[in-house]
Engineer: 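Please read through the structure below; I'll follow up with questions.
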Amino acid sequence: MLDATTRSGGTATASPRATTDLTAAVPAAAPTLVTAPGPAARCARVLLSPWARLSLLFVLLAAAASLVLAFQPQRLLTDGWPAHLGGTAAVVAYAVAYGVCTVAFVPRPLLNLAAGALFGTQLGLVAALGGTVLGAGLAFCLGRALGQDALRPLLRGRWLKAADHQLSRHGFRSMLAARLFPGVPFAASNYCAAVSRMRLLPFLLATALGSIPNTAAYVVAGARASTPTSPAFLIALACIAVPGLAGAAVAWRKRHRLRGR
């Protein structure tokens, strides 16, 4: 109960007995029980951990390489393309096989030469560029989903941090230069871009544009390999050799500069 107020207009105060009754009427909060995660939750946490996903990436790459070795795609150059596949279907099938082979670290120059030998200059260039973009996209998505979380904490060196900063801040022009420069390995640049914070669309666009000159040179060389004295074949060889020699000269010069320091 409340005590009576004074006639002078004082404020009413609660009696100690009423306060005790109100406190007793409020139920105490039940203690929170913390349950340990079950075996299924622990197993899912382990399987989804960064290092488990990185191990899965290595398993997938090893499986792709094993498939390439088992099917022996180099037999297409000797046996020819299957007779039941022709036209657009053959170009699409070769582009898909091209993409899988690049993920399995098959050298692109061999695939480009084979595209020219099998389909000629125009269709060969379409198949080779389609396979290049497809293979780069597959490698990027696999590296981003399965390897980025585990590998990003390892970017501690000065050169690794500089490369990551360049790809993350200037992804399109950096990847375009990497595709145009003949000394940068295709697979390595794919997975480096995946570990960085570069976006997928600029990566694919830079890959498509930057791969045109080198890919076209190899495709023309493969298409004109039967006539090695033709002007087209000689020009294609020059387009392959000159950038390669220029890249080797630049790398050699940088090597001497680093030694001088």
Engineer: Starting at CG of Leu134, measure out to SG of Cys101 and round the result to the nearest 0.5 Å.
Structural biologist: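 It comes to 11.0 Å.
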Engineer: Check Tyr94 against Ala127 and note the closest heavy-atom contact, atom names and distance.
Structural biologist: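 Shortest heavy-atom contact: CD2-CB, 3.9 Å.
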Engineer: Side-chain heavy atoms under 4.5 angstrom apart, residues restricted to Ile, Leu, Val, Met, Phe, Trp, Tyr: same cluster for Leu138 and Leu56?
Structural biologist: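 Shared cluster, yes.
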Engineer: Can a side-chain donor-acceptor contact be found between Arg179 and Thr207 if the only test is distance below 3.5 angstrom?
Structural biologist: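 Indeed, the side chains of Thr207 and Arg179 share at least one donor-acceptor pair under 3.5 Å.
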Engineer: Mind checking side chain to side chain contact (heavy atoms under 4.5 Å, CB included) for Ala97 and listing every partner two or more places apart, or none if nothing turns up?
Structural biologist: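 None.
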Engineer: Of all heavy-atom pairs between Ser196 and Leu167, which one has the smallest distance, and what is that distance?
Structural biologist: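 The pair with the smallest heavy-atom distance is OG-CB, 3.7 Å.
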Engineer: Hey, what do you get for CZ (Phe203) to CZ (Arg144), rounding to the nearest 0.5 Å?
Structural biologist: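 Phe203 CZ to Arg144 CZ: 9.5 Å, rounded to 0.5 Å.
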Engineer: Identify the heavy atoms of Leu180 and Pro213 that sit nearest to each other, and give their distance.
Structural biologist: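 Closest approach of Leu180 to Pro213: CD2-CG, 4.0 Å.
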Engineer: Could you check Leu201 against Leu205 for side-chain contact (heavy atoms from CB on, under 4.5 Å), going step by step and ending with a plain yes or no?
Structural biologist: CA-CA 6 Å; Leu201 184 59; Leu205 185 58; 5.5 Å; no
Engineer: According to a hydrophobic-cluster definition based on side-chain heavy atoms being under 4.5 Å apart (Ile, Leu, Val, Met, Phe, Trp, Tyr only), do Val96 and Leu142 belong together?
Structural biologist: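 They do share one cluster, since a chain of ILVMFWY contacts under 4.5 Å joins Val96 to Leu142.
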Engineer: Identify the two heavy atoms, one from Val133 and one from Ala208, that lie closest to each other, and give their separation to 0.1 Å.
Structural biologist: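 Looking at all heavy atoms of both residues, the closest pair is CG2-CB, 3.8 Å.
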Engineer: Tell me the side chain to side chain donor-acceptor pair (under 3.5 Å) pairs involving residues 219-231, sequence neighbours left out?
Structural biologist: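 Qualifying pairs: Thr227-Ser230.
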Engineer: Locate the shortest heavy-atom distance separating Met175 from Met198; write the atom from each residue and the value.
Structural biologist: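 That closest heavy-atom pairing would be CB-CE, 3.8 Å.
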Engineer: May I ask you to test the Phe186-Thr132 pair for a side-chain heavy-atom distance under 4.5 Å?
Structural biologist: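 A side-chain contact under 4.5 Å exists here.
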Engineer: Hey, can you pull the donor-acceptor pairs under 3.5 Å for the side chains in residues 109-124, sequence neighbours left out?
Structural biologist:
unit_1 : atom_1 : unit_2 : atom_2 : d
Asn112 : OD1    : Tyr98  : OH     : 2.6
Asn112 : ND2    : Arg108 : O      : 3.3

Engineer: Within the side chain of Ser168, is there an N or O that forms a donor-acceptor pair under 3.5 Å with the backbone of Arg197?
Structural biologist: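 Answer holds: yes.
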Engineer: Is Tyr191 reachable from Leu60 through a run of hydrophobic residues whose side-chain heavy atoms are each under 4.5 Å from the next?
Structural biologist: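 Leu60 clusters together with Tyr191.
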Engineer: Is the shortest heavy-atom distance from the side chain of Leu176 to the side chain of Phe181 under 4.5 Å?
Structural biologist: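 The answer is no, as the side chains (C-beta and beyond) never meet within the 4.5 Å cut-off.
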Engineer: Which atoms form the tightest heavy-atom contact between Ala178 and Val184, and what is the distance?
Structural biologist: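 Distance-wise, the nearest heavy atoms are O-CB, 3.7 Å.
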Engineer: Got Asn190 and Val103 here, is their nearest side-chain heavy-atom distance under 4.5 Å?
Structural biologist: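 Not in contact.
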Engineer: How about Thr215 and Val219: do any of their side-chain heavy atoms sit closer than 4.5 Å?
Structural biologist: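 Heavy-atom side-chain distance check passes, below 4.5 Å.
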Engineer: In Å, rounded to the nearest 0.5 Å, how long is the span from CZ of Phe140 to SG of Cys192?
Structural biologist: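 Here the rounded value is 11.5 Å.
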